[in-house]
Enquirer: 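Once you've had a glance at the structure underneath, I'll fire off some questions.
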Amino acid sequence: MAAIGRAGDRREQALLSVFGPAQVGDPLAPDREVAEADRARDRALHTEFVRVVGADGSSYLVERPVEP
């Protein structure tokens, strides 16, 4: 009987498709601080652009006018 994880064994891939890959980071570590530059960029993206979904289902950003 083969063990899970040996070469050619598809059971490990089947389990990963259900449970996903292993978590890399420490879930108990404190969250890192977000830089003010990143917050400003995020605000600009949300105020200056709008997401549009085309007829083919693809999404893209369209610049919209910003009111002062």
Enquirer: Surrounding CG of Asp56 (heavy atoms of other residues, nucleotides or ligands, distance under 6.0 Å), is the total greater than 12?
Expert: yes

Enquirer: Looking at every non-hydrogen atom in both residues, tell me the closest pair between Arg51 and Leu61 and how far apart they are.
Expert: CA-CD2, 4.0 Å

Enquirer: Rounded to the nearest 0.5 Å, what separation is found between the CZ atom of Arg41 and the CD atom of Glu36?
Expert: 12.5 Å

Enquirer: So if you build clusters from Ile, Leu, Val, Met, Phe, Trp, Tyr with side-chain heavy-atom gaps below 4.5 Å, do Phe49 and Tyr60 land together?
Expert: no

Enquirer: Does the Ser58 side chain pair with the main chain of Gly54, one donor and one acceptor, at a distance under 3.5 Å?
Expert: no

